[in-house]
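Since the structure comes first, as structure tokens, the remarks are kept for the end.
Note on naming: letters A, B, ... go to the chains in the order of the sequence lines (proteins, then strands), and numbering restarts at 1 for each one.
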Protein chains: 2
Amino acid sequence: MSLYTIAQASEEVDLTPYTLRYYEKEGLLPNVTKDSAGRRKYHDDDLQRIGFIKCLKGTGMSLKQIKEYGDLYEQGKAKFKERNAMLEEHREKILQEIKTQKKYLKMVEAKIEMKI
Amino acid sequence: MSLYTIAQASEEVDLTPYTLRYYEKEGLLPNVTKDSAGRRKYHDDDLQRIGFIKCLKGTGMSLKQIKEYGDLYEQGKAKFKERNAMLEEHREKILQEIKTQKKYLKMVEAKIEMKI
DNA sequence: TCTTGACTTAGAGTTAACTTTAACTGTTAG
DNA sequence: CTAACAGTTAAAGTTAACTCTAAGTCAAGA
């Protein structure tokens with residue numbers, strides 16, 4: 001049940017404090033609390049959530065869509081189906097993207113071997 | 001030795017005419033010619049080049065770096081080493097990126113299977 | 001000849017995702 | 001007590017990569 005300041009959370013998830021505040025403003029982190037002085041306190045759950053946001057973002061999902069997913073997540077079991085459909089669609093997109101990357105890798109390697 | 005109008009080239013490489021003009025303005029397509037009326041004529045070589053630009057861009061290289069690579073390419077054999085070094089470095093980046101994508105894929109799949 | 005349509009240019013506008021600034025506040029070390 | 005520090009906010013600024021607009025040109029068909 002450890003707590004993190006924004007500086008510590010920033011270090012932990014490798015995002016700047018600016019970005020963390022920005023994500024919160026955009027509604028991606030609805031559960032970050034504040035201490036009596038108004039300073040953000042990040043819980044392990046928040047860090048987990050940020051980790052998954054980085055996963056979705058790193059695989060090309062826009063923050064807007066990530067928020068949609070997060071909003072469904074907040075609505076719990078009721079929206080489970082919808083939410084999982086999003087992930088399954090995204091899974092296909094990642095698979096497709098890996099294929100494309102492999103194709104591009106071959107193109108770059110071919111160009112390297114061309115030696116011209 | 002076929003020639004393409006901007007509309008045809010656009011169709012062929014799946015980029016809008018706006019984007020093709022933009023790439024040219026940025027110096028990424030130094031060999032596109034014009035007809036007597038001032039209209040762009042794309043050669044097969046240009047389309048090949050655009051194809052490789054899409055490959056580099058699709059694997060995360062910025063247009064700025066792509067231009068650097070293209071500029072080296074224009075200088076021919078003299079810059080071969082430098083140019084190939086760029087590609088080899090980029091190759092590593094793609095390999096790393098594919099690894100990351102696979103890791104993220106597993107995370108998404110785990111979340112799908114979690115069923116909560 | 002007129003008009004339609006596909007092009008041209010320079011430059012302005014857009015979007016996503018940050019990133020920074022300015023002004024301020026509360027906590028802590030000396 | 002006070003200075004330094006780490007945080008706060010709203011809002012402005014930045015960057016990359018387009019994307020569009022306005023005004024104009026040119027060639028081809030009715």
Cationic N near anionic O, under 4.0 Å, B/R91 to A/E113: no

Side-chain N or O of B/Y22 closer than 4.0 Å to phosphate OP1/OP2 of D/dA16: no

Distance in angstrom units between A/E26 CD and D/dA11 C1', rounded: 14 Å

Sugar-phosphate, base or nothing in reach of A/K57, heavy atoms under 4.0 Å: sugar-phosphate

Atom pair distance, as rounded to whole Å: OH in A/Y23 and P in C/dA16: 14 Å

Sugar-phosphate, base or nothing in reach of B/R21, heavy atoms under 4.0 Å: base

From D/dT8, D/dA27, C/dG26, nucleotide with atom closest to A/A37 side chain: C/dG26

B/T5 side-chain N/O to C/dC7 phosphate OP1/OP2 under 4.0 Å: yes

Listed nucleotide nearest any side-chain atom of B/I6, set D/dT9, C/dC7, D/dC18: C/dC7

Toward the 5' end of DNA chain C, by each residue's nearest nucleotide, A/M61 or A/R39: A/M61

Given B/K99, B/Q101, B/K93, the one that forms side-chain hydrogen bond (donor to acceptor under 3.5 Å, both in side chains) with B/E97: B/Q101

Flag side-chain contact, heavy atom, 4.5 Å: B/Y104 against A/L56: no

B/L15 backbone acceptor or donor facing B/K54 side chain under 3.5 Å: no

Interatomic distance where CD belongs to B/Q8 and C1' belongs to C/dG5 [whole Å]: 15 Å

Nucleotide nearest B/S62 when distance is taken to its side chain, options D/dA17, D/dT9, C/dC18: D/dA17

Atom-to-atom span, CD1 of A/I66 to C1' of C/dA16 - whole angstrom: 12 Å

Any B/I66 side-chain heavy atom under 4.5 Å of B/Y23 side chain: no

Spacing of A/Q65 atom CD relative to C/dA16 atom P, expressed in whole Å: 12 Å

Proximal nucleotide (of C/dC7, D/dT8, D/dT19) relative to the B/Y18 side chain: D/dT19

d(CG, B/L63; C1', D/dT19) in whole Å: 14 Å

Rounded distance (Å) that lies between atom C1' of C/dA10 and atom NZ of B/K25: 7 Å

Residue-phosphate contact under 4.0 Å: A/R40 side-chain N/O, D/dT9 OP1/OP2: yes

Nearest-Å distance for atom pair CG/C1', residues B/L20 and C/dC7: 13 Å

